[in-house]
Amino acid sequence: MSTKDITLTVNGETHSLTVEPRMLLIHAIREELDLTGSHIGCDTGNCGACTVVKDGEAIKSCLTFAVQADGSEIETVEGMEDHPDADGGLHPIQEGFEQEHGLQCGYCTPGMIMAGKAILDENPNPTEEEIREGISGNLCRCTGYQNIVKSIQYASDKLDENGEVAAADGGRAETDGGFTCGVENCCGGTGFDHTGGDNE
Amino acid sequence: MKSAPFEHHEPETVAEAVSLLEALDEPTILAGGQSLVPMLRFRLANPDAVIDLNRIDELDYLEEADGMLRIGALARHVDIEESALIADRYGSFADAAPLVADPQIRNRGTIAGSVAQADPKGDWASVLLAHDGEVVARGPDGERVIPADEFFLLPYDTTLDENEMITELRVPTPLDREGSAYHKLKRKTGDYAMAGSAVRIVLDEEGTIETAGIGLTAVDITNVRATDAEESLVGERPSKEAFKQAGELAAEQSHPESDEHGDASYKERMVNVLTQRALADAAERAGLVVKRVTA
């Protein structure tokens with residue numbers, strides 16, 4: 001049985017692991033690193049409960065082998081409270097789910113939150129339609145998506161307010177302890193550039 | 001379920017990958033993995049070795065060069081979706097990309113992988129067929145260019161040799177007065193197409209259709225060209241009547257299977273409608289090109 005040594009940086013912390021190539025990223029995260037916030041729902045790539053952000057992009061961690069994430073920066077729901085935008089409490093997206101009743105059973109929530117983070121990282125002011133498209137790979141079977149959409153809108157508004165406060169403060173958002181999420185132009189406060197660009 | 005154990009190889013060049021293809025016993029190529037990973041886990045595929053292309057930087061491109069749009073084997077659906085070049089010049093590609101699977105899967109899945117998978121319900125093969133595209137393969141004997149028309153054999157089976165890998169997909173860059181579009185019917189995000197139609201038309205200076213390509217999704221054992229519909233369009237001026245006839249001919253050439261989502265006659269009807277809508281969009285886009293050229 002062959003194994004490989006890999007390095008995963010999860011929520012800013014670097015881990016060295018020895019894994020079988022067949023180990024899925026979700027299993028490495030849950031079983032090897034004991035970060036059980038990311039869930040396994042369908043186990044087939046449909047439900048999105050295992051969504052994590054890898055190098056700035058939302059992916060389904062049940063559709064990627066851990067060896068493929070070697071050297072990557074991974075963000076999971078456990079890292080959200082340590083994010084500079086959380087300001088010592090809940091991250092605005094988490095706060096949104098609390099305030100807007102964005103969950104019932106909570107099973108889909110970690111995936112929804114990470115999909116929501118990927119949406120807002122790319123586009124801080126998404127339309128309702130853009131939010132719905134952005135979470136279209138995530139299933140909620142409790143009730144529907146209305147409050148989940150509202151939760152992400154709440155976060156978008158909250159982050160805007162924080163940005164304005166920071167801008168009034170001389171354009172420098174405060175970051176704690178030099179945390180970087182590893183994504184370019186992500187944790188830089190108001191200087192975030194969301195112009196996109198071509199892919200050549 | 002876990003995959004059966006396999007050796008994981010990560011070549012950094014195409015040459016290395018090709019040597020591995022030759023040296024290893026029945027290896028499988030992993031690109032985006034959005035179909036392959038579940039297949040491995042359900043043990044529908046049980047290779048001893050997986051050749052992972054993701055570290056081969058030379059395969060990660062999307063560009064126009066030498067009269068062709070070139071899509072490297074590591075270009076992801078999202079690259080097409082977010083490309084200004086595609087949005088500007090390749091209507092069918094721009095239409096198809098956001099309709100593939102869901103955002104997370106589009107971040108990982110590749111266009112070439114989808115073509116190699118050759119699922120007749122996949123979207124890209126239809127687009128490639130409509131554009132007279134080509135598949136560029138590399139094997140121990142060097143490079144081979146396979147016309148899309150000769151690539152698809154059966155569901156999940158292509159004319160790619162066992163020791164060959166796809167390095168690039170390509171289609172001719174748009175001519176003046178060219179327009180293309182893709183329309184797809186699916187029940188919800190993440191589902192495969194119930195039916196889909198990719199269309200490319202080129203008009204001559206008088207506005208008559210000079211070239212027509214139509215590729216259909218989910219209506220046969222492979223993605224297929226609607227050749228009767230294509231022929232009916234050549235020499236016609238774009239019109240509702242001409243498009244209606246083409247839609248009917250495309251439906252007649254379709255052989256969809258009845259399933260829990262709809263019976264065959266319903267899907268044929270949808271092929272007709274989707275083809276007409278795609279033709280209308282393509283014609284409009286061809287017209288816009290005319291305006292841009294004369295302005």
Side-chain angles (χ1 to χ4, degrees), chain A residues 1-4 6 19-27 42-72 111 114-116 118-119 122-123 130-139 145 195-200, chain B residues 1-10 30-43 46-50 52-55 60-65 70-72 75-88 98 101-109 188-191:
Chain A
M1 189 173 68
S2 74
T3 57
K4 273 202 166 179
I6 62 168
V19 297
E20 274 192 83
R22 64 175 169 167
M23 178 179 277
L24 294 169
L25 180 58
I26 184 66
H27 291 137
C42 66
D43 223 8
T44 55
N46 286 292
C47 79
C50 68
T51 299
V52 300
V53 175
K54 174 179 172 285
D55 296 328
E57 286 184 324
I59 66 158
K60 292 182 171 175
S61 58
C62 77
L63 292 183
T64 303
F65 292 114
V67 288
Q68 295 183 275
D70 184 20
S72 303
M114 298 320 289
I119 296 169
E122 195 180 327
N123 175 5
E130 286 166 340
I131 294 172
R132 286 183 184 277
E133 168 58 28
I135 59 166
S136 63
N138 296 69
L139 300 180
Y145 299 91
T195 52
D198 67 37
N199 293 279
E200 289 174 68
Chain B
M1 189 192 277
K2 272 191 179 173
S3 312
F6 57 81
E7 299 274 343
H8 181 247
H9 297 269
E10 288 182 290
L30 171 64
Q34 304 299 284
S35 298
L36 181 61
V37 173
M39 284 176 72
L40 289 166
R41 290 176 46 221
F42 291 124
R43 305 205 179 192
N46 294 294
D48 291 333
V50 167
D52 184 343
L53 304 185
N54 286 281
R55 311 266 173 198
D60 189 5
Y61 58 88
L62 173 63
E63 64 188 14
E64 278 184 337
R70 293 166 191 274
I71 302 169
R76 320 261 171 192
H77 307 299
V78 69
D79 296 331
I80 297 269
E81 197 177 353
E82 293 181 351
S83 160
L85 168 71
I86 294 293
D88 219 28
D102 61 47
Q104 289 96 319
I105 286 172
R106 294 199 294 273
N107 281 338
R108 292 292 300 161
K188 61 174 178 54
T189 294
D191 277 2

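- Interface residue B/Leu30: only side-chain heavy atoms are found under 4.5 Å from chain A.
- Put simply, the side chain of B/Arg55 does not reach to within 4.5 Å of the side chain of A/Gln68, judged on heavy atoms.
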TODO: Begin with the C-alpha distance, continue with both residues' side-chain angles, and end with the deciding distance and a verdict on side chain to side chain contact (heavy atoms under 4.5 Å, CB included) for A/Phe65 and B/Leu40.
DONE: CA-CA 11 Å; A/Phe65 292 114; B/Leu40 289 166; 3.7 Å; yes
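- For B/Arg106, the part sitting under 4.5 Å from any heavy atom of chain A is the side chain, from C-beta outward, and nothing else.
- Annotation: side chain of B/Gln104 is not in contact with side chain of A/Val52 (no heavy-atom distance under 4.5 Å).
- Closest approach of A/Ser136 and B/Pro103 over heavy atoms only: OG-CD, 3.3 Å.
- For the pair A/Glu20 and B/Pro5, the minimum side-chain heavy-atom distance is below 4.5 Å.
- A/Thr64 places a side-chain heavy atom less than 4.5 Å from the side chain of B/Arg108.
- For B/Ile105, the part lying under 4.5 angstrom from a heavy atom of chain A is the side chain only.
- By number of non-hydrogen pairs under 4.5 angstrom with chain A, the leading residue of B/Asn107, B/Asp191, B/Thr189 is B/Asn107.
- Here the CG atom belonging to A/Asn46 is positioned 6.0 Å from the NZ atom belonging to B/Lys188, to the nearest 0.5 angstrom.
- Only the backbone of B/Ala4 comes within contact range of chain A, with heavy atoms under 4.5 Å apart.
- Using a 4.5 Å heavy-atom cutoff, the side chains of B/Glu10 and A/Lys4 are in contact.
- Distance check: A/Arg22 CZ to B/Arg41 CZ gives 12.0 Å after rounding to the nearest 0.5 Å.
- Contact annotation: the side chain of A/Ser2 never approaches that of B/Phe6 to less than 4.5 Å [non-hydrogen atoms, C-beta and beyond].
- Nearest approach of B/Pro38 to A/Thr44, heavy atoms of both residues: CG-O, 4.5 Å.
- Residues satisfying the ring pair (Phe, Tyr, Trp, His ring centres under 6.0 Å) test with A/Tyr145, not counting sequence neighbours, are none.
- Counting only residues at least two apart or in different chains, salt bridge (Lys or Arg N to Asp or Glu O under 4.0 Å) contacts with residues 57-68 of chain A comprise A/Lys60-B/Asp102.
- For B/Asn54, the part lying under 4.5 angstrom from a heavy atom of chain A is the side chain only.
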